[in-house]
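Below is one structure; the comments refer to it alone.
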Amino acid sequence: MVTGATGSIGRHLVRLLQRDGVAFRALVRDEAKGRALGCDYVVGDLGDPASIDAALRGADRLFLNSTGAQPVDGEQPVIRLQKNAIDAAARAGVDHIVKVSVWHANEGGLLSEGAHWEIERHLASAGPGWSTLQPGGFMQNFLGYGSFTAAGELINPYGDTPVSYIDCLDIAACGAALLTGAYGKSETYVLTGPEAVTHAQIAGKLSAVLGRVVPTLEMGPQELAANVKSQGVPARFADDFAGLLAKVANGAHTATTSAVRDLTGRPARDFDAFLADNRPAFEALLPAPGTTA
């Protein structure tokens, strides 16, 4: 069973499993989105344990992925939701769980780092076999409006520090390999792209694809946190968000790994391939001056 099937990773995973003729079921919250996937699906919610129990009947493997950090005070909701899914999988006799976590998950870590560390600990003691994917920053994050100013400038919170962004297609491909292959259990894979790139380099690549200059705007972690606070986000969340940005600016996501190649047999996709595949989306996101989106 695949959770998060309509998200950035899940949509790619669904297509890969369909391509390879793998029998699977998708768990979705929205029936219309489930129908649009074109696969076997069931409507449920990780917040409703009974619906997870029903969805897991007959499943032998589970792909566990859900939303990231939420702007709330207190415990991150993802902890309870994913623990619900892990416990349901144990009750259903699922043999193996492939969980999407985050790079640098650690005890007491900020936001997703701390939340996923707690979930990973629960997973390790739950009973089913497990594999954990720890991806770095998603290339797909650049398709969100929060990555650019209203004037079309690429917001740069990291200065000259390069980041080894990964394409969600590669995360899905690694998940498919673990769900369908005979890989060892109780293993963690840190997933990155093949190279680390700076925001200035990304802006240059975008400029080449779009045929016009995409400028950058340096905006440090504290300034971004202040902007988030001004939008009504809880102060603690904004401060933790700034702390995570500062870690990346200090090089926490600069290294690269061979995990994508190790799991899939091919190299990880680079930023140029991602931009080429998503050129229409960027053209819509960043219309040329004098045009409308």
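Every value quoted in this text rests on a predicted model; they were computed, and no experiment measured them.
- Between the Thr161 side chain and the Ala249 main chain, a donor and an acceptor come within less than 3.5 Å of each other.
- Remark: side-chain polar atoms of Glu118 are not paired, donor with acceptor, to backbone N or O of Ala115 under 3.5 angstrom.
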Could you check Thr216 against Glu153 for side-chain hydrogen bond (donor to acceptor under 3.5 Å, both in side chains), going step by step and ending with a plain yes or no? CA-CA 5 Å; Thr216 62; Glu153 301 160 304; over 6 Å; no
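- Of all non-hydrogen atoms in Gly34 and Val28, the two that sit nearest each other are CA-CG2, 3.8 Å.
- Using a 4.5 Å cut-off between side-chain heavy atoms of Ile, Leu, Val, Met, Phe, Trp and Tyr, with links allowed through other members, Leu178 and Phe24 fall into the same hydrophobic cluster.
- Looking at Val2 and Leu17, their side chains come closer than 4.5 Å, going by heavy atoms from C-beta outward.
- In this structure, the side chains of Thr264 and Cys174 come closer than 4.5 Å at one or more pairs of heavy atoms.
- With Ser207 contributing its side chain and Val214 its backbone, the two residues share a donor-acceptor pair below 3.5 Å.
- Val260 is connected to Phe63 through a chain of hydrophobic side-chain contacts under 4.5 Å among Ile, Leu, Val, Met, Phe, Trp and Tyr, so both are in one cluster.
- Summarising the local packing, CZ of Arg29 is surrounded by 12 or fewer heavy atoms from other residues, nucleotides or ligands at distances under 6.0 Å.
- The main-chain N or O of Lys33 is found under 3.5 Å from a side-chain atom of Asp30 such that the two form a donor-acceptor pair.
- Residue-environment remark: CG (Asn141) exceeds the threshold of 12 foreign heavy atoms within 6.0 Å.
- Taking the side chain as every heavy atom from C-beta outward, Ser164 and Glu195 never approach each other to under 4.5 Å.
- To the nearest 0.5 Å, the span separating CZ on Phe138 from CZ on Phe274 amounts to 11.5 Å.
- Two residues are said to be in side-chain contact when any heavy atoms from C-beta on lie closer than 4.5 Å; Val100 and Pro135 meet this criterion.
- Scanning all heavy atoms of the two residues, the minimum distance from Val78 to Ser66 falls at CG2-OG, 3.4 Å.
- Ile119 places a side-chain heavy atom less than 4.5 Å from the side chain of Ile86.
- Interatomic distance, Arg35 CZ to Leu37 CG, rounded to the nearest 0.5 Å: 11.0 Å.
- Residues Asn156 and Met219 are not in side-chain contact: their nearest non-hydrogen atoms beyond the backbone lie 4.5 Å or more apart.
- Following chains of ILVMFWY side-chain contacts shorter than 4.5 Å, one can reach Val98 starting from Leu13, so the two form part of one hydrophobic cluster.
- Residues His96 and Trp130 keep their aromatic ring centres 6.0 Å or farther apart.
- A donor-acceptor contact shorter than 3.5 Å is absent between the side chain of Glu283 and the backbone of Leu210.
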Lys99 and His116: side chain to side chain contact (heavy atoms under 4.5 Å, CB included), yes or no, with the steps? CA-CA 10 Å; Lys99 171 181 160 43; His116 283 287; 2.7 Å; yes
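- With sequence neighbours excluded, no residue forms a ring-ring contact (aromatic ring centres under 6.0 Å, His included) with His12.
- Just one residue in the list Leu206, Leu143, Leu217 forms a side-chain contact (heavy atoms from CB on, under 4.5 Å) with Phe148, and that residue is Leu206.
- Atoms CG and CD1, from Asp45 and Ile52 in turn, are 7.5 Å apart once rounded to the nearest 0.5 Å.
- From Leu179, atom CG reaches atom CG of Asp20 across 11.5 Å, with rounding to the nearest 0.5 Å.
- Interatomic distance, OG1 of Thr257 versus CG of Asp262, reported as 7.5 Å (0.5 Å rounding).
- Residues in residues 265-277 take part in these side chain to side chain donor-acceptor pair (under 3.5 Å) pairs, two or more places apart or across chains: Asp167-Arg269, Asp170-Arg266, Lys205-Asp272, Arg269-Asp277.
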The test is side chain to side chain contact (heavy atoms under 4.5 Å, CB included); show your working for Ile155 and Thr149 and say whether it passes. CA-CA 7 Å; Ile155 297 172; Thr149 67; 3.8 Å; yes
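- The ring-ring contact (aromatic ring centres under 6.0 Å, His included) test applied to Phe142 returns Tyr165, His199, Phe271, not counting sequence neighbours.
- Not counting sequence neighbours, Tyr41 has no partner by the ring-ring contact (aromatic ring centres under 6.0 Å, His included) test.
- Criterion: ILVMFWY side-chain heavy atoms under 4.5 Å apart, direct or through other members. Under it, Val72 and Trp117 are not part of a common hydrophobic cluster.
- Side-chain atoms of Thr132 and Glu187 include no donor-acceptor pair closer than 3.5 Å.
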Side chain to side chain contact (heavy atoms under 4.5 Å, CB included) between Leu46 and Leu27: does it pass, once the steps are laid out? CA-CA 9 Å; Leu46 297 186; Leu27 176 69; 3.8 Å; yes
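- Hydrophobic clustering (side-chain heavy atoms under 4.5 Å, transitive across Ile, Leu, Val, Met, Phe, Trp, Tyr) keeps Met139 apart from Leu169.
- The two residues Ser101 and Ala105 come nearest to each other via the heavy atoms OG-CB, 4.0 Å.
- Salt bridge status for Arg91 with Asp53: present, with a side-chain N to carboxylate O gap under 4.0 Å.
- For the pair Ser258 and Tyr189, the minimum side-chain heavy-atom distance is 4.5 Å or more.
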Determine, stepwise, if the pair Gln134 / Glu120 fulfils side-chain hydrogen bond (donor to acceptor under 3.5 Å, both in side chains). CA-CA 11 Å; Gln134 292 188 343; Glu120 286 184 18; 3.0 Å; yes
List the atom pairs, donor and acceptor, that lie under 3.5 Å between side-chain atoms in residues 240-248 and the rest of the protein, sequence neighbours left out.
from   : atom 1 : to     : atom 2 : distance (Å)
Lys247 : NZ     : Glu113 : OE1    : 2.8
Lys247 : NZ     : Glu113 : OE2    : 3.2

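- A 4.5 Å side-chain heavy-atom check between Asp60 and Val94 finds every atom pair outside the cut-off.
- For Glu107 and Arg121, the salt-bridge test fails: no basic side-chain N is under 4.0 Å from an acidic carboxylate O.
- Ala90 and Ala126 make their closest contact through CB-O, 3.8 Å (heavy atoms, listed as atom of the first residue, atom of the second, distance).
- Although no hydrogens or angles enter the test, the distance criterion places a donor-acceptor pair under 3.5 Å between the side chain of Gln140 and the main chain of Cys168.
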Could you list the donor-acceptor pairs under 3.5 angstrom formed by side chains in residues 222-234, with sequence neighbours left out?
from   : atom 1 : to     : atom 2 : distance (Å)
Lys229 : NZ     : Asp239 : OD1    : 2.9
Ser230 : OG     : Asn227 : O      : 2.5

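- Gln201 approaches Ala196 most closely through the heavy-atom pair OE1-O, 4.2 Å.
- For the pair Ile97 and Ala89, the tightest heavy-atom approach, listed with the atom from each and the gap, is CD1-CB, 3.8 Å.
- When atom types are taken as modelled, the side chain of Arg19 and the backbone of Arg15 share no donor-acceptor pair closer than 3.5 angstrom.
- Distance NE2/His104 to OG/Ser112: 13.5 Å, rounded to 0.5 Å.
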Check step by step if side chain to side chain contact (heavy atoms under 4.5 Å, CB included) holds for Val163 and Val197. CA-CA 5 Å; Val163 177; Val197 290; 5.9 Å; no
